[in-house]
Amino acid sequence: MNSKLNEKALAISLGVLWSLAILSLSIIAMMSENYLHNVVEFFSSIYLGYSLSFTGILIGMVWAFIDAAIGGWFLAWLYNKLAK
């Protein structure tokens, strides 16, 4: 039995999950004085335009979606190639 992963489905799933993780991280960081601020600082160095503002969070979520979608597509593609 050869089971294939759907590249598009995995890409979209991981993109949505990672962008929601960035949203959650941002909300928690905004509600605290300094908890997770170093993580936000790290991601703002990777995702251009990401910051703890409404627009910055939306920009970070778009970057996170793209980042994880590409990674998810590549992961499924590689799995399908190696599983043959």
Side-chain angles (χ1 to χ4, degrees):
M1 183 171 133
N2 190 3
S3 176
K4 283 187 70 172
L5 289 176
N6 183 327
E7 291 99 346
K8 184 178 177 182
L10 187 61
I12 292 171
S13 298
L14 290 181
V16 168
L17 283 174
W18 187 236
S19 65
L20 290 175
I22 291 294
L23 174 63
S24 301
L25 168 98
S26 302
I27 291 171
I28 293 168
M30 289 177 73
M31 292 176 15
S32 73
E33 288 289 321
N34 56 10
Y35 183 65
L36 294 177
H37 286 255
N38 56 343
V39 178
V40 169
E41 190 175 314
F42 170 73
F43 282 119
S44 68
S45 70
I46 297 171
Y47 300 143
L48 300 176
Y50 171 62
S51 64
L52 289 181
S53 66
F54 180 75
T55 306
I57 293 170
L58 288 178
I59 291 170
M61 288 177 70
V62 169
W63 277 117
F65 180 87
I66 293 168
D67 184 23
I70 291 170
W73 181 88
F74 181 73
L75 179 68
W77 175 84
L78 184 61
Y79 173 84
N80 290 336
K81 291 295 179 192
L82 296 174
K84 285 184 177 179

- line: Minimal heavy-atom distance between Ile22 and Ala64, with the atoms involved, is CG1-CB, 3.6 Å
field: Cluster link Leu14 to Val62, ILVMFWY, side chain under 4.5 Å
entry: no
message: If I compare all heavy atoms of Leu52 with all of Ile57, which pair ends up nearest, and what's the gap?
response: CA-CG1, 4.5 Å
- request: Using the rule that two of Ile, Leu, Val, Met, Phe, Trp, Tyr join whenever any of their side-chain heavy atoms come within less than 4.5 Å, decide whether Val39 and Leu17 are in one cluster.
  value: no
message: For the CE atom of Met30 and the CG atom of Leu36, what is their distance to the nearest 0.5 Å?
response: 13.0 Å
query: Do Leu23 and Ile12 sit in the same hydrophobic cluster, where Ile, Leu, Val, Met, Phe, Trp and Tyr count as joined when their side-chain heavy atoms come under 4.5 Å apart?
result: yes
task: Say whether, by atom type as modelled, one donor and one acceptor occur between the side chain of Asn80 and the main chain of Leu5 under 3.5 angstrom.
output: yes
query: Atom CZ of Phe42 and atom OH of Tyr47: how far apart are they, to the nearest 0.5 Å?
result: 8.5 Å
field: Minimum-distance pair of heavy atoms, taken over all atoms of Ala29 and His37
entry: O-NE2, 2.9 Å
Gap separating the OG atom of Ser32 from the CD1 atom of Ile27, nearest 0.5 angstrom: 12.5 Å
- line: Taken to the nearest 0.5 Å, the spacing of Leu58 CG from Tyr50 OH works out to 11.0 Å
message: Is there a side chain to side chain contact (heavy atoms under 4.5 Å, CB included) between Phe43 and Ser26? Walk through the geometry before answering.
response: CA-CA 10 Å; Phe43 282 119; Ser26 302; over 6 Å; no
statement: Here the gap from Ile70 atom CD1 to Phe65 atom CZ, rounded to the nearest 0.5 Å, amounts to 10.0 Å
message: Quiz question: by atom type and distance under 3.5 Å, do the side chains of Ser53 and Thr55 form a donor-acceptor pair?
response: no
- prompt: Can you tell me how far the OG atom of Ser3 sits from the OH atom of Tyr79, to the nearest 0.5 Å?
  reply: 5.0 Å
message: Evaluate Leu10 against Trp73 for side chain to side chain contact (heavy atoms under 4.5 Å, CB included), listing each step before the verdict.
response: CA-CA 6 Å; Leu10 187 61; Trp73 181 88; over 6 Å; no
task: Treating Ile, Leu, Val, Met, Phe, Trp and Tyr as nodes and any side-chain heavy-atom pair under 4.5 angstrom as an edge, say whether Ile28 and Leu20 lie in one connected cluster.
output: yes
- prompt: Do Met31 and Leu25 share a hydrophobic cluster, counting only Ile, Leu, Val, Met, Phe, Trp and Tyr and linking them when any side-chain heavy atoms are less than 4.5 Å apart?
  reply: yes
